[in-house]
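In what follows, every heavy atom counts, from backbone to side chain, and hydrogens, waters and symmetry copies are set aside. Numbered from 1 within each chain, the chains take letters A, B, ... in sequence-line order.
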There are 2 protein chains.
Amino acid sequence: MIKRNTIQCSLVLNAVNKLKNHASADEVYACITNDYPNISRATVYRNLDKLAKTGQIKKIEIPGEAERFDHLTHNHYHIKCLQCGQIFDVDMPYQENIENQIINKHGFLFIGHEIIFSGICPACLKETELLH
Amino acid sequence: MIKRNTIQCSLVLNAVNKLKNHASADEVYACITNDYPNISRATVYRNLDKLAKTGQIKKIEIPGEAERFDHLTHNHYHIKCLQCGQIFDVDMPYQENIENQIINKHGFLFIGHEIIFSGICPACLKETELLH
DNA sequence: GTATTTGCAAACAATTTGCAGATAT
DNA sequence: ATATCTGCAAATTGTTTGCAAATAC
């Protein structure tokens, strides 16, 4: 698993950093093809995975959706707007000790956790208000 | 969205209740085809969705995986074993007030949340120990 | 020089959809 | 009687893979 510096890999990293908001592989691909139309989708996927593994970006897995990739690599939570489907960061302290609340009768080893909120984003709320 | 009582729908409900442990659509399909080989996969999917909407079963969405369906319909959390990939229930009180910890500067409406833990299940832990 | 990485196309898995015929009410 | 539901096959979506050629080191 040696790491080479390829043009494609930096293009992927730059795209994620530029897109910022939880870009999907497809959005990253589209972003790159603007300037570099010959890159392959497979290469984008492979590099997203590699960058996530080396911790340079963060893979966010949202149930029932395409994977997303985040330029913010620290632990944080997300909310999905049930109306527009967008994913947003949630400003809430990371629950380091949440696992202490578990009644671990069965002897699991707990390693980490994800919290995904659902709700309505401000823009969609506003839109709903306007309908009245 | 009227609801008819079809044989297929009760077959799906019974299969979920019988399988118990977070069955995937495919497992439900396989379970039914034992006794009723002509049912269509599409019908299984359609009825799983319908039953989830009417609250008779619970849809569990695990990131990066096929959807699963649970006979337990109350709110509860899950842990995914990173080794064997199985999903287990987590015995932990439902965090009714977790949303109070959010610094909601932007005016989101929070509706619900999911927590998915990751770790190693007892069986896999035991297996790892045996290797030494 | 050689092992990694790429691009392509094809494979894949999970799920959805269009449609004509079957069925519950 | 008729609107919903089913089965089938094809379509879709997101992602992975096999392989030969390209490239980084």
Side-chain angles (χ1 to χ4, degrees), chain A residues 1-16 19 22-54 56-70 80 85-87 116, chain B residues 1-16 19 22-54 56-70 80 85-87 116:
Chain A
M1 228 269 245
I2 291 160
K3 180 95 193 303
R4 258 179 214 186
N5 266 340
T6 64
I7 296 164
Q8 290 86 341
C9 190
S10 24
L11 285 169
V12 169
L13 180 55
N14 291 343
V16 173
L19 289 168
H22 319 104
S24 65
D26 205 61
E27 288 167 336
V28 173
Y29 173 72
C31 172
I32 297 172
T33 45
N34 283 337
D35 305 325
Y36 195 91
N38 295 321
I39 197 169
S40 157
R41 237 189 198 82
T43 300
V44 172
Y45 275 99
R46 282 186 284 230
N47 281 310
L48 285 170
D49 265 353
K50 192 176 293 185
L51 290 165
K53 259 180 203 143
T54 61
Q56 296 176 80
I57 62 177
K58 189 172 163 62
K59 184 192 275 197
I60 308 170
E61 300 187 302
I62 308 288
E65 290 207 15
E67 283 174 354
R68 288 153 184 272
F69 296 88
D70 202 339
K80 175 180 179 175
Q86 275 190 86
I87 306 295
I116 298 150
Chain B
M1 227 268 245
I2 290 159
K3 180 96 193 302
R4 260 181 212 182
N5 265 340
T6 65
I7 296 164
Q8 290 88 342
C9 190
S10 23
L11 286 169
V12 169
L13 179 56
N14 291 344
V16 174
L19 289 169
H22 318 105
S24 65
D26 204 61
E27 287 166 335
V28 172
Y29 174 73
C31 172
I32 296 172
T33 44
N34 284 337
D35 306 325
Y36 194 91
N38 295 321
I39 197 170
S40 158
R41 238 188 196 85
T43 300
V44 172
Y45 275 100
R46 283 186 283 230
N47 281 310
L48 285 170
D49 265 354
K50 193 176 292 186
L51 290 165
K53 260 181 203 143
T54 61
Q56 296 177 78
I57 62 177
K58 190 172 162 60
K59 185 191 275 195
I60 307 171
E61 300 188 302
I62 308 288
E65 291 209 13
E67 283 174 354
R68 289 154 184 272
F69 295 88
D70 201 339
K80 175 180 178 175
Q86 276 190 86
I87 305 296
I116 298 148

State, to 0.1 Å, how close [X] and [Y] come at their nearest heavy-atom pair, and which atoms those are.
{"X": "A:Asp26", "Y": "A:Arg41", "value": "OD1-NH2, 2.6 Å"}
{"X": "A:Glu67", "Y": "A:Glu61", "value": "OE2-OE2, 3.1 Å"}
{"X": "A:Tyr29", "Y": "A:Ser40", "value": "CE1-C, 4.0 Å"}
{"X": "A:Ile62", "Y": "A:Arg68", "value": "CG1-CD, 4.1 Å"}

> Given D:dC5, D:dG7, C:dG7, which nucleotide is nearest the side-chain atoms of B:Lys50?
Replying inline: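 When the side chain of B:Lys50 is considered, D:dC5 is the closest of D:dC5, D:dG7, C:dG7.
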> From the list C:dA14, D:dG14, C:dA24, which nucleotide is the closest neighbour of the side chain of B:Asn5?
Replying inline: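 My answer, after comparing the listed nucleotides, is C:dA24.
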> Stepwise, does the side-chain contact (heavy atoms from CB on, under 4.5 Å) test hold for A:Asp49 with A:Lys59?
Replying inline: CA-CA 8 Å; A:Asp49 265 353; A:Lys59 184 192 275 197; 3.2 Å; yes
Tell me: [atom1] of [X] to [atom2] of [N], nearest whole Å?
{"X": "B:Leu48", "N": "D:dC5", "atom1": "CG", "atom2": "P", "result": "15 Å"}
{"X": "B:Glu65", "N": "C:dC12", "atom1": "CD", "atom2": "C1'", "result": "16 Å"}
{"X": "B:Tyr36", "N": "D:dC5", "atom1": "OH", "atom2": "C1'", "result": "11 Å"}
{"X": "A:Arg41", "N": "D:dT17", "atom1": "CZ", "atom2": "C1'", "result": "16 Å"}
{"X": "B:Phe69", "N": "C:dA14", "atom1": "CZ", "atom2": "P", "result": "13 Å"}
{"X": "A:Asn47", "N": "D:dT16", "atom1": "CG", "atom2": "P", "result": "13 Å"}
{"X": "A:Ile32", "N": "C:dG7", "atom1": "CD1", "atom2": "P", "result": "10 Å"}
{"X": "B:Glu61", "N": "C:dA14", "atom1": "CD", "atom2": "P", "result": "15 Å"}

> Contact class for A:Glu67 (heavy atom, under 4.0 Å): base, sugar-phosphate, or nothing?
Replying inline: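 Sugar-phosphate, no base atom in range.
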> Any side-chain N or O of B:Tyr45 less than 4.0 Å from the OP1 or OP2 oxygen of C:dT15?
Replying inline: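 Answer is yes, contact under 4.0 Å.
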> Any side-chain N or O of B:Thr6 less than 4.0 Å from the OP1 or OP2 oxygen of D:dC5?
Replying inline: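 It does not, given that no N or O in the side chain of B:Thr6 lies less than 4.0 Å from OP1 or OP2 of D:dC5.
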>> Using heavy-atom distances to pick each residue's nearest nucleotide on DNA chain C, tell me which of A:Gln8 and B:Asp26 is more 5'.
In response: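 It is A:Gln8, whose closest nucleotide lies nearer the 5' terminus.
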>> Given the structure, check if the side chain of B:Arg4 and the base of C:dT23 hold any donor-acceptor pair shorter than 3.5 Å.
In response: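 Present.
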> Do the non-hydrogen side-chain atoms of B:Val16 and B:Leu51 ever get within less than 4.5 Å of each other?
Replying inline: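 SC-SC contact between B:Val16 and B:Leu51 ruled out.
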> Checking side-chain contact (heavy atoms from CB on, under 4.5 Å) for the pair A:Phe69/A:Val12: CA distance, chi angles, key distance, verdict?
Replying inline: CA-CA 11 Å; A:Phe69 296 88; A:Val12 169; over 6 Å; no
Could you run down the sub-3.5 Å N/O contacts of the protein with nucleotides 8-11 of chain C?
none

